Amino acid sequence: MNKRTHTCGELNSKNIGSSASLNGWVNTIREHGQVIFVDIRDRYGKTQLVFNSDVNEAAFDTAKKLSIEDVISASGDVQARGEGAVNPNVATGEIEVMVNSVEILNETEALPFVITDRDSALEDFRLKYRYLELRTEELQRNLKIRHQAYQVARKYLSDNKFMEIETPVLMKSTPEGARDYLVPSRLHHGKFYALPQSPQTYKQLLMISGFDRYFQIVKCFRDEDLRADRQPEFTQIDIEMSFVDENDVMSLATGLTKALFKEVIDVDLPDTFPIMKYFEAMETYGTDKPDLRFEIPLQNFKDYSDASDFNAFKSSESVKCLVVENVADKYSRKVIDQLTDFAKHHGAKGLAWMKAETGALNGGISKFFADDLQKKIVSELSININDIIFIIGDAKEVVWQALGALRIEIAKREELIDQTLYKPLFIVDVPMFEWDEDEQRFSAMHHPFTSPKIEDLPKLKDNPSEVLSRGYDIVMNGYELGGGSIRIHQCDVQRQVFELLGISKEEAQQKFGFLLEAFKYGAPPHGGIAFGLDRLVMILAGTDNIRDVIAFPKTTSATSLMDDSPSEVSERQLDELGIQLKK
């Protein structure tokens, strides 16, 4: 093998007249009689090699044996490309290497899919051969962006006096929210470690230990239902700070986000991000992670439906609508039926509609609305000719979910989303608790260590459903980039929250006794935030699939098709762990 002197993306016109040795994969082969052109590729780029039988017959004969994705080592002289042959689309497009020596380091078998075209195979098939898919230009770019994000985050936080401290991967199981991944102990039969859902308790202990600014880029594990932007193992930029309030943490998060977008993809974000209250976001956009790149807000419609002869909405807790501008002529009954099915899939019982045509509202449920009521709707909702109104009435949570999802679906259909825009904001005043009908108890909206607003502390006893938390989420383009809160740092408040969540004193002591004990010895006020690094990189890379930015991801059923995990283990291993499987 020739010692590599340059990468495949390095040579340019300044190197003309010198010699070079390149190692990499055969990307393309073009035969022109006694001349063969081969593009050699590595992660830095591509360089055109020239094999000429008149210059070196042995190298030319070897080139005739080459196949796509063979690994080769080639040496030769750098020369300018011929007139009209310059390729301005690649960094090495002005030059080529006339090869005088080539060695095939490894021959490849027939490829299972075309590496230069990811669409040539379904995703599951590509995941089986992930090491080949990772050779594609798109995924190499994505992982480079991920690498850059790591470096920017580390530098920004280190420059702001944060210390990077590792926390245990094998920890105590303290299930709250998602299920834990459990690890059986061989030395202590019947006992289990858990993989951390987050380093929550450890980073709070670090604050009590006096490390007032901690961060860690850390693996977390949650055994939960999966989707395109979620994985069973994921990476967080985990941050915690002492002696701070919400504004301090949000300011730090703003600065870090700005640095990441500027230094990784050269996008300037605003100096301050808008702040929106949770219920405003839900009422206006149907979600606590609104996409602000386009309009179409949810609007109240209950006063109009209550005044109409349309009885289906009369008993509904909430009635809201979307007004979609200048598309009514495109929305046939077939299209509306598709959107109705979409709304039903998101919890709605149906989807009512009306179209604005000359002088009146027509179609759908318009016949139930008197002329004067129609005029009032048109005036107050600023409806113009060729607009269409979609209406859903139900419990407010159902209306939010269905219309919020429909808002996004319509924006995609109508191409209303400017993919070059990045619209960050903070969501605050999130409720502290939500009622779990199945369990008949309250559960934490964030986690049980989130502090309630100071002014809401008296409500913990009598009106817990009205208590707002000191939590905050950072949101962009319809995705939650990160979330955090000011934490509880007083034992009595923490015990009160545990009690509200149905965690008895005995259970609290068993699960969290070490933390409650630590609170007794001078716990400072503290708070933090955790960024979902995978989701953040997904937005930086301009993809909507989190698997595109993870080197070896799992499928939506939490399996790895490449190495066939999870897999069975031997009886001997189970015996050592004291485990017997149920039939």
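Values in this document were obtained by computation on a predicted structure and should not be read as measured data.
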Derivation of the side-chain hydrogen bond (donor to acceptor under 3.5 Å, both in side chains) call for T235 and R146: CA-CA 11 Å; T235 306; R146 187 183 180 102; 3.2 Å; yes
Name the orientation class of the two ring planes belonging to H526 and F519 (parallel below 30°, tilted from 30 to 60°, perpendicular beyond 60°). tilted
Using a 6.0 Å cut-off, check whether atom CD of E295 has over 12 heavy atoms from anything other than its own residue. no
Other residues, nucleotides, ligands: >12 heavy atoms within 6.0 Å of L122 CG: no
Is the closest basic N to carboxylate O distance between K423 and D291 below 4.0 Å? no
With a 4.5 Å heavy-atom cut-off, do I145 and L143 have their side chains touching? no
More than 12 foreign heavy atoms under 6.0 Å from CG of D575: is that the case here? yes
Between F162 and Y156, does the ring centre distance come in under 6.0 Å? no
Salt bridge (Lys or Arg N to Asp or Glu O under 4.0 Å) between E499 and K505, intermediate numbers included: CA-CA 7 Å; E499 186 178 344; K505 288 183 180 180; over 6 Å; no
Take a 6.0 Å sphere around CG of D303 and say whether it holds more than 12 heavy atoms from other residues, nucleotides or ligands. no
State, with a plain yes or no, whether a side-chain heavy atom of P232 is found less than 4.5 Å away from one of F221. no
Walk me through it: do Y214 and F211 pass the test ring pair (Phe, Tyr, Trp, His ring centres under 6.0 Å)? CA-CA 6 Å; Y214 140 94; F211 297 97; 9.3 Å; no
Note, T284 side chain near L298 side chain (heavy atom, < 4.5 Å): no
Measure up the H447 and F449 rings against each other and bin them: parallel (under 30°), tilted (30 to 60°), perpendicular (over 60°). tilted
Salt-bridge contact E480-R535 (side-chain N to carboxylate O under 4.0 Å): no
Decide side-chain hydrogen bond (donor to acceptor under 3.5 Å, both in side chains) for Q573 and S570; before the verdict, give the C-alpha distance in whole Å, the side-chain angles of both, and the deciding distance to 0.1 Å. CA-CA 5 Å; Q573 288 175 286; S570 69; 3.3 Å; yes
So that I can tick it off, tell me whether R495 and D492 are bridged by a salt bridge, with the cut-off set at under 4.0 angstrom between side-chain N and carboxylate O. no
Stepwise, does the side-chain hydrogen bond (donor to acceptor under 3.5 Å, both in side chains) test hold for D394 with S316? CA-CA 5 Å; D394 212 307; S316 297; over 6 Å; no
So, R118 and E123, do they make that salt bridge, N to O below 4.0 Å? no
Test log, rule side-chain hydrogen bond (donor to acceptor under 3.5 Å, both in side chains), inputs Q494 and Q490: CA-CA 6 Å; Q494 187 66 76; Q490 296 144 316; over 6 Å; no
Can you label the angle between the F342 ring and the H346 ring as parallel, tilted or perpendicular, going by 30° and 60°? tilted
Can you name the nearest heavy-atom pair linking S565 to K554, along with the distance? OG-CE, 4.3 Å
F294 six-ring face occupied by R407 cation (under 6.0 Å, within 45°): yes
Do other residues, nucleotides or ligands put more than 12 heavy atoms under 6.0 Å from the NZ atom of K258? yes
Do K155 and D159 meet the salt-bridge criterion of a basic N to acidic O distance under 4.0 Å? yes
Residues E576, R186: salt bridge by 4.0 Å N-O rule: no
A quick test of your reading: do over 12 heavy atoms of other residues, nucleotides or ligands sit less than 6.0 Å from CD of E166? no
Is the number of heavy atoms from other residues, nucleotides or ligands under 6.0 Å of K314 NZ greater than 12? yes
